[in-house]
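Let me begin by presenting the structure, written as structure tokens, before commenting on it.
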Amino acid sequence: MSEVPDVAERTFFGHPIGLVNLFGVELWERFSFYGMLTILGYYLYYSATDGGLGMDQDVAVGLVGAYGGLVYLSTIIGGWVSDRLIGMERTVFYGGVVVMAGHIALALIPGLTGVGVGLVLVALGSGALKSNASALLGTLYPKGDPRVDGGFTLFYLGINLGAFVGPLITGLLQEEWGFHAGFGAAAVGMALGLIQYVAFRRNLGTAGRRPADPLPRSAYGPLAAVVLAAILVIVLVLVTGLVTVDNLPDVTTALIVVAAVAYFAVLLTNRRVSTVERSRVRAFVPLFLANVVFWALFQQIFTVLAVYSDERMNWNIFGWTAPSNWIGSVEPVWIIALSPLFAALWTTLGTRAPSTPRKFALGVIGMGTAFLLFVPLAGSTGRSVPALAVLFIMAVFAVSELLISPIGLAVSTQLAPEHFRAQMMALYFLSIALGTTLSGVLARFYSPDDEFAYFGITGLVAIAAGVVIAGLSSWISRYMAGVH
């Protein structure tokens with residue numbers, strides 16, 4: 001068997017050549033995921049005559065938020081499998097296979113059975129793929145490399161190309177041929193991503209081929225017992241009614257909080273984490289909390305704003321009414337337009353760019369400001385909000401996202417202890433998980449009659465959180481121990 005060549009010195013526009021492959025597989029994974037997610041809420045609460053399952057609307061949006069949280073929660077499993085069993089590179093591949101199987105289940109199996117089977121598979125597969133694709137990209141850059149923020153911003157462009165095209169395709173298919181056709185398109189998208197990943201796998205060289213901390217063979221038996229016990233517990237709580245669709249958002253929130261606290265405890269006490277690495281983990285705590293606030297507002301694109309798009313927005317375009325789920329494609333348009341500019345900006349500024357904590361603070365403040373921009377639109381009734389007005393508010397969403405999300409991906413790999421790279425990325429995704437779940441919890445308080453209070457209060461709380469992070473930025477930078 002021939003050795004895989006080391007391609008570390010090959011570059012693409014100044015970045016490691018492996019960025020191209022990871023860019024592509026993440027593009028198609030996000031195509032499938034967001035294409036499915038933007039029609040999921042409608043599928044749950046539309047009436048049976050409209051092709052849906054007829055759930056109560058507030059239960060449906062809460063479930064969408066909880067599901068998004070569970071997807072990111074499953075990055076813990078993906079990070080552990082990568083670090084202890086098969087390495088990042090193979091976990092990305094097998095994660096994609098499981099995602100594709102989940103979308104096939106949604107497309108072919110009717111009713112709640114298809115929803116249950118499909119969403120579990122998509123959650124597990126996305127958790128494996130997402131945490132490891134990002135962590136794998138981080139290994140292509142030396143620690144402290146000033147190109148890393150630019151590289152992750154380009155990687156983020158791939159994410160948003162997929163997020164843009166996915167809802168466009170699934171929305172049109174759903175309107176013409178029903179929800180299952182939209183879910184089928186998501187399966188095809190993930191299949192294309194897997195074909196591309198396999199075809200250009202060698203561009204990653206030896207990166208991520210081996211687990212960072214291999215599990216001893218003697219531990220395989222106890223691991224199988226733990227997995228079996230976990231499955232039995234899940235089945236038990238479902239059968240006994242301890243967890244229902246009504247309380248799932250609250251249960252998910254509690255699980256994520258416990259998991260995050262446990263993860264931080266492990267990273268701060270493990271003997272293989274050095275003193276400098278422990279300091280960097282401490283610096284990550286306030287960034288984690290800032291990220292929770294950001295995503296609790298941002299992910300309402302799929303909860304509150306999905307309902308807002310369906311009931312309050314005028315989608316008439318030259319006499320044709322666009323699908324409501326296209327709200328999911330509006331913000332990525334701005335990301336696609338602005339990502340190259342931000343990537344060039346961070347690469348040009350290098351170490352003169354604002355520190356990571358200051359970028360986080362600006363991103364959270366920007367997100368709060370975006371919510372305040374919905375306040376002047378409150379008070380009208382029916383589908384009277386111009387789509388153009390929301391289009392420009394989404395531009396503020398995009399600028400805020402570019403200040404915090406690709407930067408968060410990059411800093412997580414840079415702050416990660418050597419033996420916990422993928423699991424540190426899983427911890428970063430836990431912050432997104434908690435924020436996403438909270439987006440569903442908060443959605444239950446939304447009503448068209450209370451828009452002024454809803455958007456005003458959530459916006460002001462986010463701005464206050466951003467100001468606090470700005471005030472702590474010097475302290476955070478000091479504990480980051482050399483990571484800018």
Side-chain angles (χ1 to χ4, degrees), residues 75 79 131 134-153 155-156 212 260-261 263-295 342-343 345-366 400-432 434-435 465-484:
T75 58
S131 62
S134 302
L136 189 55
L137 177 59
T139 64
L140 302 180
Y141 294 89
K143 202 173 279 287
D145 191 331
R147 299 176 301 165
V148 69
D149 278 1
F152 270 90
T153 302
F155 179 69
Y156 214 68
V261 171
Y263 249 68
F264 273 115
V266 168
L267 293 177
L268 289 171
T269 58
N270 193 283
R271 59 183 176 79
R272 284 175 294 179
V273 177
S274 69
T275 302
V276 172
E277 289 174 334
R278 195 169 289 116
S279 173
R280 290 172 176 159
V281 173
R282 290 193 187 98
F284 190 66
V285 174
L287 300 181
F288 178 98
L289 296 175
N291 218 35
V292 170
V293 175
F294 173 85
W295 288 103
F342 272 76
L345 177 64
W346 302 143
T347 302
T348 300
L349 289 177
T351 57
R352 293 179 291 114
S355 66
T356 292
R358 293 190 185 280
K359 291 174 184 173
F360 266 66
L362 290 170
V364 175
I365 291 170
S400 304
E401 186 180 1
L402 287 168
L403 283 167
I404 197 170
S405 191
I407 307 307
L409 288 170
V411 78
S412 297
T413 65
Q414 297 290 293
L415 294 177
E418 188 63 34
H419 292 285
F420 296 91
R421 281 184 175 271
Q423 292 183 71
M424 183 71 165
M425 185 57 64
L427 184 57
Y428 167 77
F429 283 120
L430 273 181
S431 67
I432 303 179
L434 184 53
V467 170
V468 170
I469 295 298
L472 293 173
S473 60
S474 296
W475 177 89
I476 298 169
S477 293
R478 185 163 63 251
Y479 274 84
M480 286 170 68
V483 175
H484 183 66

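Atoms considered below: every heavy atom in the structure, side chains included; atoms not considered: hydrogens, waters and symmetry mates. Worth saying up front: this structure is predicted, and the values here are computed from it rather than measured.
Arg282 approaches Trp475 most closely through the heavy-atom pair O-CH2, 4.4 Å. When every heavy atom of Leu287 is checked against every heavy atom of Pro357, the shortest pair comes out as CD2-CA, 4.1 Å. In plain terms, the two heavy atoms of Thr348 and Arg352 that are nearest each other are O-NH2, 3.3 Å. Taking all atoms of both residues into account, the shortest heavy-atom contact from Ala353 to Lys359 is CB-NZ, 4.2 Å. What you find for Glu277 and Arg272 is that their closest heavy atoms are OE1-O, 3.8 Å.
Take Ser400 and apply the side chain to side chain donor-acceptor pair (under 3.5 Å) test, not counting sequence neighbours, and it matches no residue. Under the side chain to side chain contact (heavy atoms under 4.5 Å, CB included) criterion, Leu472 pairs with Val468, Ile476, sequence neighbours left out.
The line from OG of Ser412 to CZ of Phe429 is 8.0 Å long, rounded to the nearest 0.5 Å. Note that CZ of Arg358 and OG of Ser474 are 5.0 Å apart. Values are rounded to the nearest 0.5 Å. If you take CZ on Phe288 and CD1 on Ile432, they are separated by 10.0 Å, rounding to the nearest 0.5 Å. Rounded to the nearest 0.5 Å, atoms OG (Ser431) and CG (Leu289) are 9.0 Å apart. How far CG of Asn291 is from CD1 of Ile404: 5.0 Å, rounded to the nearest 0.5 Å. Within the model, atoms CD1 of Ile365 and CG of Leu403 stand 10.0 Å from one another, a figure rounded to the nearest 0.5 Å.
Heavy-atom neighbours of Arg278 CZ from other residues, nucleotides or ligands within 6.0 Å: above the threshold of 12.
Side-chain atoms of Trp295 and Glu401, non-hydrogen and from C-beta on, do get closer than 4.5 Å to each other. Put simply, the side chain of Ile469 does not reach to within 4.5 Å of the side chain of Val364, judged on heavy atoms. The shortest side-chain heavy-atom distance between Ser134 and Tyr428 does not fall under the 4.5 Å cut-off.
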*Can you list the steps and then say if Val411 with Met480 is a side chain to side chain contact (heavy atoms under 4.5 Å, CB included)?*
CA-CA 10 Å; Val411 78; Met480 286 170 68; 3.7 Å; yes
*Run the side chain to side chain contact (heavy atoms under 4.5 Å, CB included) check on Leu427 and Leu267 step by step: do they pass?*
CA-CA 10 Å; Leu427 184 57; Leu267 293 177; 3.8 Å; yes
*asked:* Run the side chain to side chain contact (heavy atoms under 4.5 Å, CB included) test on Phe360 and Phe294 for me, step by step, so that the C-alpha distance in whole Å, both residues' side-chain angles and the decisive distance to 0.1 Å come before the verdict.
replied: CA-CA 9 Å; Phe360 266 66; Phe294 173 85; over 6 Å; no
